[in-house]
Structure formats: structure tokens, C-alpha cells
Amino acid sequence: MTPVTESVHRHLGMTDDEHDRLLELLGRDPRPAELAMYSVMWSEHCSYKSSRSHLRRFPTEAPWVVVGPGENAGVVDIGDGWLAAIRIESHNHPSFVEPYQGAATGVGGILRDVFTMGARPIALWDQIRFGPLDNPRNRFLFKGVVAGIAGYGNAVGVPTVGGEIDFDDCYTGNPLVNVMCLGILRREQLVLGTAGEPGTVAVLLGKATGRDGIGGASVLASASFDEEAGAKRPSVQVGDPFEEKKLIEACLEMYWRGLVVGVQDLGAAGLSCATSEPASRAGVGMEVDLEAVHVREGGMTAPELLMSESQERMMAFVHPEMVDEVLAVAARWEIDSSVVGLVNGGSTLVVRYHGEVVADIPAASLSDDAPLYDRPAARPAWLDQLWDRRFETPTTGPIDLLLGLLADPAVGSSAWAHQQYDHMLFLNTVVGPGSDGSLLRIRGTDKGLAVSTDGNGRLCLLDPRLGASRLVYEAALNVAVTGARPLALVDNLNFGNPEKPEVMWQFKETVEGISEACEALGIPVVGGNVSFYNETDGVDIHPTPVVGLLGLADPMPGEPPRLDRARPGMEVWVIGPEPTSNLAGTRLQAHLGELGGRPTPPDPATARRVIEIVADLAHRVPVLHDVSDGGLGVAIAEICIASGVGAIIEPAATHTLFGEDPHRVVAVVEPGWDDLPMGRRVGTMSGHAIVIGEESIALKTAGDIWRNALGRALTG
Amino acid sequence: MMKVAVVVFPGSNCEHDVVHALETMGGVADLVWHRDTDLSEFGGVVLPGGFAHGDALRTGAIARFSPVMAEVTRMAESGAPVLGICNGFQILCEAGLLPGALIANRDLSFICRFVEVEVVDTETILTRAARDGQRIRIPLNSYEGNWVDPSGEGRVVLRYIGDPNGSQHRAAAVANQTGNVVGVMPHPERGSDPLLGSADGLILLEGFLRSMAPA
Amino acid sequence: MKVTITINRRPEIADPEGTTVRRALHELGFIEAGEVRMDRVIHMEVEGDDPRQVEARVEEMCRRLLANPVIEDFEVEVG
Amino acid sequence: MKVTITINRRPEIADPEGTTVRRALHELGFIEAGEVRMDRVIHMEVEGDDPRQVEARVEEMCRRLLANPVIEDFEVEVG
Ligand SMILES: Nc1ncnc2c1ncn2[C@@H]1O[C@H](COP(=O)(O)OP(=O)(O)O)[C@@H](O)[C@H]1O
Ligand SMILES: [Mg+2]
């Protein structure tokens with residue numbers, strides 16, 4: 001046996017304390033393959049060692065939750081025998097190293113998390129954040145990421161129906177690439193990541209294993225970026241959407257024919273995770289033979305085979321009598337397969353290679369005995385200064401402010417990106433990209449699934465708890481405008497270095513904020529992801545939680561509200577509380593290069609009331625648009641541009657027009673409504689200009705500015 | 001009524017959408033696997049969109065060797081309606097059942113949005129139910145939608161209003177000389193429901209269904 | 001045997017890749033870039049002893065699959 | 001000046017497209033086809049008189065735009 005020196009564990013990202021813990025656990029020195037397995041499985045990325053204890057705070061239960069956090073995806077009951085599976089993931093660091101492949105493999109990974117549950121993936125969303133586009137490197141990253149999402153998503157045949165694009169200096173050295181996937185399945189097709197009973201056979205399906213991403217995603221995602229990033233490059237993983245497409249179809253056929261007892265995708269930590277986790281969940285042991293693994297290249301060592309992060313692979317756990325059928329289904333879909341393991345009644349995971357035992361460890365210990373840190377948290381000292389900052393409301397006229405905002409690539413049309421995504425496949429996309437929430441019909445029923453994803457790093461920097469909870473309220477309102485009520489939430493927590501008490505404080509506050517809002521609205525958290533170490537040269541990103549909310553419209557409105565359904569003569573109303581004069585954390589501030597103040601807190605009772613009003617109105621009015629990024633002014637302008645109709649809006653103060661206070665929605669209605677609950681009339685749809693008080697701008701000019709915002713920023 | 005065969009290659013992804021849209025029109029359609037070698041029970045065939053064989057090498061290049069293509073060729077020669085949508089169009093070109101080839105869009109980007117096309121030839125299986133000059137609004141969804149035809153033999157069936165991708169003669173759909181084999185780049189099946197933005201595609205699918213010999 | 005196959009788009013056929021790359025180079029300030037053509041190169045390991053025979057087989061592969069005669073020419077180099 | 005730029009994906013980086021093409025060749029009976037790698041060659045006209053200077057500029061183009069240094073190697077040949 002090769003002696004394992006201390007420097008090896010450090011090189012693999014394991015601390016000396018963790019190494020001592022491992023020695024104690026095993027009662028001996030680890031073999032090289034064992035050390036490799038523990039180092040990856042105990043990495044931040046796989047073990048959630050800094051976040052696990054805090055994530056317990058989330059409310060996770062509701063009568064309709066079928067599978068909560070802990071499995072590959074959360075699953076909820078949507079009626080009529082249908083379940084929905086949902087999950088969100090980040091691929092931030094890989095996308096910084098190689099934007100196309102980083103984003104592409106992110107999409108591949110999130111799809112696998114969903115079809116591992118037995119679901120057919122029906123839609124994707126991407127939430128992507130970069131540094132400003134006047135920097136060529138940021139342009140390169142942005143274009144590469146969009147191309148990667150399009151390249152993989154389109155080819156794998158799952159529509160990307162929405163998402164978010166934002167830009168801020170803090171993401172220059174550390175872009176955020178989050179992807180979310182929704183799948184649906186019949187109740188009887190639900191599959192879990194379990195290894196099953198003793199005697200079950202482990203069959204590895206899909207792509208041949210190569211030296212991809214060894215020490216890759218998991219190590220990359222668990223360490224900060226510095227000059228060394230270059231040295232980590234050779235482990236770039238390449239996505240193969242064609243293989244994934246075949247894998248999806250093969251797996252769905254296996255589920256449908258009842259051929260598997262459990263399935264686990266191979267993501268970070270590859271075979272190590274795909275054998276130990278299902279064994280641990282089922283409370284069984286397993287024997288694995290690495291020689292059986294189908295490989296792309298010769299001469300791979302046992303640790304390499306166990307750590308490889310080659311994409312597009314799945315581990316199926318199969319009753320021994322079904323193995324031949326499983327292999328036949330794989331062959332029919334033209335994917336490779338190999339029988340690599342056998343489940344037994346013990347509790348150890350024994351891995352052999354060339355007849356030699358290379359690992360013999362308690363199967364559950366890789367996940368269950370992972371270190372758990374309660375890292376110190378401290379409110380950042382600089383926060384008070386940020387709160388005390390006085391922001392001078394600009395004296396610029398409303399139209400100039402509006403045009404400035406519409407020209408901002410984060411506010412302007414996202415068509416440059418989303419027209420590169422197939423967002424129509426499967427004929428379900430009733431409301432697609434460019435709106436508040438997406439709305440997908442569920443064929444064969446009169447229901448619709450509404451989804452909204454929301455993040456806002458600036459707001460969360462100013463107040464992580466308040467900011468995070470406002471994201472949940474905003475998402476709930478976004479699904480309400482399609483007529484849906486919230487069902488379940490997934491969250492992606494993008495943060496800086498958790499070893500800094502300030503970051504840990506932001507993290508805890510965020511978890512608290514999401515939890516409070518979810519409790520107030522009765523929304524269970526059914527899954528998520530944590531991405532730490534988003535820092536470059538010691539500077540952390542803004543705390544950037546992203547929430548994805550799934551809602552159910554039951555029934556779906558016959559004519560769901562859309563931004564393009566306003567017509568001349570219709571009236572413009574605002575529904576919700578009177579706004580304050582607060583501009584803290586708004587897009588207007590960002591646009592003017594400012595960030596400071598204390599954002600307006602949400603109000604749970606008001607939130608509930610507005611959501612109810614709006615979800616109800618969705619069946620009766622042509623246009624509903626929530627007031628968020630860019631405030632009322634931008635919301636109305638977007639309706640005008642989408643519908644090709646001007647508007648005459650009452651004069652209003654700058655903070656009324658561009659403030660982003662929560663729980664507000666613009667409704668455009670046929671004339672004749674004397675009253676709308678919590679509503680007030682602010683204008684009329686009419687003509688070919690946007691008129692605010694005394695000022696106006698031609699609709700065409702405003703539209704061109706909005707439509708070209710991203711394209712113009714990209715040409716530098 | 002005769003059944004339509006909708007061919008599934010590894011990597012196809014619009015097959016269920018096509019079946020759904022045909023069924024909305026009262027048609028009967030079955031999926032057939034690319035290794036099937038007998039289509040005798042079908043009156044027409046659709047090669048749906050997607051990324052057959054991952055678009056490796058050139059789009060459609062590998063799919064044209066699939067065993068089912070011998071039957072598709074036989075049906076094309078017998079005069080039965082053969083329709084390639086998007087990737088199916090590309091496969092028909094590679095197979096030599098339609099003239100020309102499809103290369104990358106002029107601006108080198110994937111385009112997914114509604115486009116308007118104009119019917120310029122009503123004597124084909126796709127346009128039989130349409131009027132000459134009729135405008136049809138359906139979604140385009142492709143990276144290689146730019147048709148080039150050095151032979152000059154292609155018969156343009158639908159023409160883009162505007163020029164989204166650089167296609168020769170602004171061709172959005174092309175037929176063989178006898179009009180029974182048609183490739184169309186935008187997706188008629190995606191324009192099959194007003195709830196999704198348009199039902200214009202049904203006019204085209206109607207033409208296809210009408211072109212099948214009565215059973 | 002190592003074989004290198006070059007697949008050229010015929011000059012009379014449009015080359016959007018080439019055109020786009022040239023435009024991008026100009027935008028980056030590489031104004032000296034003139035016409036750009038992008039071709040494919042396929043590197044292949046082929047079993048066989050006789051270079052002439054290998055060449056003939058690979059040419060056959062090109063005619064059947066690797067090149068599209070409607071728009072492309074090819075060249076095969078063995079060794 | 002005529003410049004030829006060869007861009008090859010690094011050998012340790014997977015090439016799924018090559019794998020698919022190899023599979024297709026096998027199905028067509030070309031069982032002698034071994035590993036297939038899909039690469040690119042760019043032919044470019046570049047204005048300039050000094051080959052050394054042209055080469056340096058084109059290498060710069062490769063680093064900035066034409067090649068992806070994370071997964072690809074490139075070679076520039078002038079003339
Ligand atoms: N922020 C979070 N909120 C809720 N659940 C979370 C969060 N982060 C991780 N989880 C849950 O923890 C489990 C383990 O996640 P992970 O190891 O990343 O899964 P995978 O290997 O499938 O990507 C998953 O069920 C996931 O939903
Ligand atoms: Mg997973």
C-alpha cells in the first residue's frame with residue numbers, strides 16, 4: 001500500500017483536523033482511494049459542513065410535500081395523479097473557468113437531479129449574474145454562459161422558459177450561474193436514491209468514465225479563486241447533451257416499466273457518492289468492482305475512477321431478475337452500461353480494483369460522519385455605515401430616469417439571451433421568458449404550473465434577512481399574476497467565504513429571512529443548494545440567495561394575463577399598499593452608482609392579502625405585472641412596449657415612480673371598474689407615447705432603447 | 001384514416017409535439033423508432049425536429065443512414081407525403097430527398113421566436129390547404145436554418161417575411177419537384193394553439209393530412 | 001495509423017462562421033484580418049498496415065459520411 | 001499574407017462529437033475507425049509584410065478570440 005503522507009490530504013482539500021477525524025473513524029491510515037473518497041465527500045460542496053445545521057431552520061412540511069430536502073429533488077403533489085419535481089443548482093466556479101462548458105454541465109447536472117426522481121424534465125430556468133459588460137472579460141463570460149445554456153438545453157430537448165440576468169461589480173471575478181429544473185411524473189413513477197434490499201445490483205449507465213473534473217467541481221466549488229485557478233484548468237468537464245437525452249429516455253422507460261428500485265445520479269464525487277449515499281439511505285452495504293466500470297481511457301487509478309466527475313452518468317439499483325432487461329433498455333437507447341456493484345446486508349462499502357481491496361469503509365460514514373461546523377457569525381461592522389448613507393433623490397425628470405433604466409442591460413429586454421433558448425418545446429409554454437413568472441399548462445388537466453425565480457444581491461447586502469424574505473414575497477406575487485397560489489420553494493444560496501464571520505452572519509440571516517416569509521405564506525422549502533467561497537482575491541460577492549417558487553394555478557385562467565394584452569382605452573391601476581419614499585437597494589440607486597439605506601420591510605399580512613387579490617384578478621383582467629426592478633415606471637413601460645400602446649400616467653414623485661416597495665402590482669383593466677381592492681387608478685392606455693405628467697417619450701424610442709439594451713452593451 | 005409515422009431518432013425531441021398537433025387535427029399518428037424497417041401501414045411520414053445523433057458532424061448527417069430511411073425513401077418515391085420539420089428538413093437534405101443543404105444561421109446564433117412566412121406555392125403536401133400569398137405566423141427554432149442550394153433545383157414553398165437567418169431565396173420551406181417531399185424550418189406544430197400564440201400551423205398540417213391517400 | 005481529414009466548405013458556398021469571426025476580429029481591433037474560412041479537421045486513428053489501402057477506405061468514409069458533397073470538398077492525409 | 005491556424009482540443013479533454021462520429025462509422029461498417037477527434041482549421045488572409053509580426057498578431061487573435069485556451073491548443077503557420 002502506498003503510504004499516505006499528510007500533504008496528500010491537504011492537497012485534496014482536507015484539513016488536518018478532518019484528517020485526524022478520519023484516522024479515528026477508520027482506526028487506521030486510509031488507503032489512497034479512501035482518502036480520495038472522504039476528501040471529496042467531506043468537501044463543503046458535498047457535505048454542506050458549514051451550512052447543514054442552519055438549513056434545518058427551513059420549514060419543509062406541508063400536506064402536499066411528497067419528498068422534501070435530502071433527496072436529489074423536492075417533489076410535491078399537484079393533483080390528478082401528477083407530481084412535480086423541482087431543484088436548483090449553481091455552477092459558478094466551473095463557469096468562471098470555462099463559461100460554455102461550465103454552464104452546459106450545470107444544465108446537465110440539474111436535469112439529472114430531476115429525472116433521477118422518476119420525472120420527465122419539462123422546463124429549465126437560468127439565473128445568471130456577471131460583472132458589468134463594459135469589461136471584455138465579463139462580456140466573454142456572459143456570452144459563453146448563454147451559449148452553454150442554449151447549447152446544452154436546446155440539444156437535450158428541454159425548454160429554457162425563463163430566468164434572470166443581472167450585472168454588478170461584485171460578480172466580476174465570480175459570476176453566478178444558477179439553473180433550475182422542473183419535472184413532472186405520475187405518482188407511481190416516483191423513484192428515490194436508495195440502493196434497495198440486499199441482492200440488488202448496481203448498474204452504471206451512460207457516458208464512459210474518464211479523467212474529467214477529477215478534483216473538479218467539488219474541489220473547485222469548495223475553494224476560493226486566486227491565481228491558482230489556472231492550474232486547476234485541465235479538469236474542465238465537457239457536456240454531451242446527446243448522451244443525456246438518451247439517458248433521460250432510457251431511464252424514463254426503466255421507471256415506466258418498473259425495472260429499478262432506486263436511482264442516483266453521478267455528480268460531484270462521482271462513483272463515491274453514487275454508491276455510498278444510496279447505500280447509506282437504505283442502510284445496506286455494497287461491493288463495487290471498479291474493473292467493471294466502462295471507461296473512456298485506459299490506465300485510470302482507483303482514486304481517479306472513484307472521483308471522476310464525467311458527466312451524463314446514472315447509477316440504477318436493480319432487482320437481480322431485472323438486470324438483463326435494464327441492460328436491454330440501455331442498449332436500445334444506445335447508451336453504455338455496466339454492472340458494477342452488488343448490495344449486501346452489511347454496512348460497509350467495499351471497493352475492489354484488479355482483485356485488490358482499495359476501499360473498505362462504513363458506507364454511511366462518507367455522508368453521515370462528515371464534519372459539521374458551527375462557524376462564527378458576526379454582523380458586519382460596515383453595515384451601519386451603509387444604512388446611514390443618505391441618498392439624494394435625483395432631480396432629473398421622470399422620462400430621463402426611465403430611459404436610463406430601460407437602457408440598463410439588467411432592465412432592458414432579455415431577448416438577446418432568451419431567443420437563443422428553445423423556450424417553446426413541449427407546447428406547454430403559455431407565458432414564457434420576459435414576463436414575471438412562467439406559466440406552463442399541464443396537458444390533460446385544466447391546471448397550470450407557475451414558476452418564478454428571484455434574486456437581488458444589492459437588497460440582500462443592505463439587509464440579508466429582509467432582502468431574502470422580500471424575494472419570497474416577490475416570487476409569490478409573480479406566480480400570483482398568472483393565477484397561481486404558491487406550492488413549494490427551492491433556494492440557491494450564493495455566498496462568499498463562510499470562514500469569515502460576516503459572511504456566515506449574512507448566511508444565517510438569509511436562512512432566517514426565507515424561513516420567516518415561507519412560514520408567513522405557508523410555503524414549504526423542498527430543496528436547494530449552497531454555494532460558498534464566491535470570492536475573488538478576498539472580496540466576497542454580495543449575499544445572493546436566489547429563490548425558485550413553484551405555484552399551481554387551479555384552474556389556469558382561460559386567458560392568463562400577459563404583458564402584451566393592453567389595448568387603447570384600458571385603465572392602468574396599481575394594487576397594493578401606498579409606497580414609502582424609500583429608494584434603498586433599488587435599481588435606480590444602482591443605475592446612479594449608489595447603494596445604501598435601509599430597504600422597506602415586507603409586511604406578511606399585506607403580502608397575503610395582495611397575493612389573494614391578484615391571483616383572483618388573474619382570471620378577470622388582461623394584464624398584471626408586479627412592481628419590482630425599476631419600480632412602477634419600468635413596469636408600465638414594459639406593458640406599453642409589449643402591447644404596442646402608449647400610456648398617460650399621472651404625475652408622481654420620483655420615489656413613487658421608481659421605488660421598489662414590496663407587494664405591489666400594476667393591473668391594466670377594461671374601463672368601467674369603479675373600484676379594485678387595494679387599488680388606485682394611475683393612468684390610461686392610449687396613443688403612441690409614454691406620458692408622465694408633463695413629460696413624454698415616443699413609445700418607439702423607449703421600445704428601441706429597451707429592446708437593444710443588452711445587445712448594445714455587448715458590442716462594447 | 002391512414003396513420004402518420006413520426007420517426008424518432010436518438011436525439012429527436014419534437015416527436016410528441018408533432019403527434020399532439022396532428023391529433024388535434026383529427027389525425028392518427030404513431031411514433032416509430034429509427035431502426036424500424038417497415039412503414040407499410042402508414043400513409044405519410046414526418047421527421048420531427050430535434051438533434052438527431054446530437055447533430056454530430058453535420059446536422060442530419062448520421063440520421064440519414066438510420067435503417068428507417070430506406071422506407072422513408074420508398075414512401076417519398078411512391079408519392080406519399082413526407083415532411084421534415086427543422087432537423088427533419090436537414091435530414092431530408094442530407095439524404096438527398098431534397099436539394100441543397102442547411103448551414104449555420106447568418107448571425108451564428110440559435111433563433112427561437114415567432115416568424116411570419118408567406119405561402120408561395122400551394123401545390124405541395126404542406127400548403128395544399130393554404131392560399132397563395134397567405135401569411136402564416138409560426139415559431140422558428142434552429143441554429144442551422146440557413147438553406148443553400150447550389151443546384152438551383154429547389155422549389156421554394158414558404159418564404160420568410162424578412163430575413164431571419166440568411167436562407168437562400170428567404171426560403172422557409174422547400175419541396176422536391178413533385179411536391180410530396182417538403183422540408184420546413186419553422187415549426188407548424190408549435191403554431192397549433194391560440195393559447196401558445198398562434199394556430200396558423202394547423203393550416204399546414206391540414207394540408208399534410210389531406211395529402212394522404214384515403215385508407 | 002494516424003489520418004488527418006480536412007473538410008472544406010466550397011468557396012462559392014456562404015461561410016457564416018468565417019464571416020462572423022472576421023467581424024469579431026475587426027471589433028477587437030484586428031483590422032488586418034481579411035477573408036476568414038473555417039474548416040473542419042478530423043483526426044482519426046485507423047487500423048491497417050497499408051497506407052494506400054487506409055487512404056482509400058478513409059476516402060470512402062468521406063464520400064459516404066464525413067463530407068457533404070453538396071457543399072464540401074475533402075482531403076485525406078495518412079501518417 | 002496567408003495564415004493557417006490549427007486549433008486542436010487538448011487530448012485530455014473529452015470529445016463527445018468525435019465519439020458519436022466513430023460510432024456512426026462503425027455502424028456503416030468502417031470498423032477500422034479508432035479514436036476520432038473533431039478539430040478546426042482557420043484559413044485567414046492577413047494584411048502585413050513582416051511574417052514575424054503577422055505571426056505574433058495572429059497568435060494574439062488566437063488567445064483572445066479564436067481558440068479557447070482552457071481546452072484547446074493552437075498552432076499558427078504563416079505563408
Ligand atoms: N439551501 C438549501 N435549501 C434547502 N435544501 C437544500 C439546500 N441546500 C441543499 N439542500 C438539500 O440538500 C440535499 C443534498 O444536496 P446535494 O448534495 O447538493 O445534492 P446533489 O448531490 O444531488 O446535488 C438536497 O436534497 C438539497 O435539496
Ligand atoms: Mg443529485
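Throughout, protein chains are lettered first and strands after them, A, B, ... in sequence-line order, and every chain is numbered starting at 1. In this text, all values refer to a predicted model and were calculated from it rather than measured experimentally.
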Would you mind checking chain B against chain C for donor-acceptor pairs under 3.5 Å and listing them?
| unit_1 | atom_1 | unit_2 | atom_2 | d |
| --- | --- | --- | --- | --- |
| Leu57(B) | O | Arg40(C) | NH1 | 2.8 |
| Arg58(B) | NH1 | Leu65(C) | O | 3.3 |
| Arg58(B) | NH1 | Leu66(C) | O | 2.8 |
| Arg58(B) | NH2 | Leu65(C) | O | 3.0 |
| Arg64(B) | NH2 | Arg64(C) | O | 2.8 |
| Glu94(B) | OE2 | Asn68(C) | ND2 | 3.2 |

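Proximity to chain B is limited to the side chain of Ile42(C), based on heavy atoms less than 4.5 angstrom apart. Looking at Ile13(C), the atoms closer than 4.5 Å to chain B (heavy atoms on both sides) all sit in the side chain, from C-beta outward.
Closest of all the heavy-atom pairs between Leu108(B) and Pro16(C) is CG-O, 4.1 Å. Of all heavy-atom pairs between Leu65(C) and Ala61(B), the closest is CD1-O, 3.7 Å.
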